[in-house]
Amino acid sequence: MTKATTNGPAYNPPAKQLTSCGDVSCELLVDPIPRPTPEAITVSLRPKVAKVTFVDHHKPNSRIIMEYTQSVLRKRGIEVEGEIFIKADASTRMPAAMLQSLSQERGLILCGISD
Amino acid sequence: MGVSCSKHSIRVDPMTTYATLEDIENCMDNGWTDGLPVIPPYGSLVDAMLEAMGWQGSDSVGEIPDQNIVVRAEKAAATAVMAGCKTEYGPLLRALTEGLLDPKLNLSGVEVTTGGAAVLVIVSGPVVEQLGFEHETNALGANCRANATVGRFAQMMRYFCGRGGGVLQSHGTIGHPGRLSFCIAEHPKTEWGAYHTQYGLPETASAISLMSTEGPNSVNNHYGDTGTHILDTIGDALCHAGQTAWYYRSGGFVVVIPPDHMALVAKDFSREQALEYIYKNARRQTDELAELGRIAKNPIEFAEVAPGELRSPLKSREQLTFIECGSSGGRFSAIIPRWVGSTHAVCKEIKSV
């Protein structure tokens, strides 16, 4: 919070919160724009089990790349879910039921590979 | 009602003035604006506005669920300050805020549509005189603080709340000037009863009515001498080939009738009769509309297209409402087409806080 002077602008406030010197006692300006509140999420950096599940989102060559990756992982002794799940369209949200199901997986989920 | 401006001599500390101007510029630079300079939403001003609206800053006053947005009262109060509203408008602004965030109005849709719609605010009842709204001269674009700032508040709420916190973009193809401010006040005394009675509120109530609309079209008839002449002219304006309404017919129209036209119409028609007359007679040949490209080649069931028949731009009678405002001395009326994407108007009584 700085005070304006007759020497010109004295501050460059951030986008989401402005401080004011419009009066002797500087006041906070109230942001009028409501912002989205993201739903609470937790991120696991390390899978609980060494298993990989694939989700094909129908981008070009997605399935071919996934199948190849499955074979490479199997050769290296890493467990791979046999079924490749399918998301109907890359540009739309994953159906809630599918998201709910995948969120229960304890291994790594790989979604949306394409060339 | 006349509205006059008086000049005041105000002594201002130059230091304060420069700093406040700087705050105005900072609001502009950070996107806290509708394009015009705003009153900076200082905390003390927002607190006073919150009190006038009867809310605590953290109160939830509405939601836009698809965008995970909860609108807190503090945001609405800050917007009211920025638009230049007086605190005495508080109870009206409270009802207006609730109306704007009513899911039926589809605020985000109004903001982002290619249709370039604005939120029309109609003020009716005793509050019109109590708060000094202009309802006569230039009633659809009055140079009066109450009309200008309340209308501006509604558009700023649309702009601030309707874009997902800045995630979405507006796509209006051409828009119209009402997207900066669009507030109409009805005459306190009317021939056909208060506007809000068309939405079931009692005659004596004060109310705000909201709907999303395109810009107004003037309807000129200086030489007709019966109510039928005036209603036929209005009906013809509803039926021009370019009306957005023709295909989906999910919007409707507001018909604005000032005193000179009303003197003729009210002699021959009650409000219900005028509505029925227009609904029955304001029609256009469906095949001609299809030929022009105003109806889809393979229309959906909702559009209820009947080849060979005359087509009304209204799907139902309830889509047409009448407001009485404007000054005497000119034989003009107006129609205001509603945007087809928000099928409902929202009418709320203004209650004391």
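Quick note on labels: first sequence line is chain A, next is B, and so on, each numbered from 1.
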Please check if atom [atom1] in [X] has more than 12 non-hydrogen atoms from other residues, nucleotides or ligands closer than 6.0 Å.
| X | atom1 | value |
| --- | --- | --- |
| Y89(B) | OH | yes |
| Y68(A) | OH | no |
| Q56(B) | CD | no |
| E301(B) | CD | no |
| I300(B) | CD1 | yes |
| R106(A) | CZ | no |

State, to 0.1 Å, how close [X] and [Y] come at their nearest heavy-atom pair, and which atoms those are.
| X | Y | result |
| --- | --- | --- |
| G43(B) | V30(A) | CA-CG2, 4.1 Å |
| G165(B) | I33(A) | CA-CG2, 4.2 Å |
| Q67(B) | P36(A) | O-CB, 3.4 Å |

Can you confirm whether P32(A) sits close enough to M82(B) that some side-chain heavy atom of one is under 4.5 Å from a side-chain heavy atom of the other?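 In contact.
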Using heavy-atom distances under 4.5 Å, tell me whether V46(B) contacts chain A through its side chain, its backbone, both, or neither.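 When you check distances to chain A, only side chain atoms of V46(B) fall under 4.5 Å.
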Quick one: which of G31(B), P40(B), S44(B), G164(B) has the most heavy-atom pairs under 4.5 Å with chain A, could you say?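 Option with the greatest count: S44(B).
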Measuring from W32(B):CH2 to D31(A):CG, what's the distance to the nearest 0.5 Å?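 CG of D31(A) is found 4.5 Å from CH2 of W32(B).
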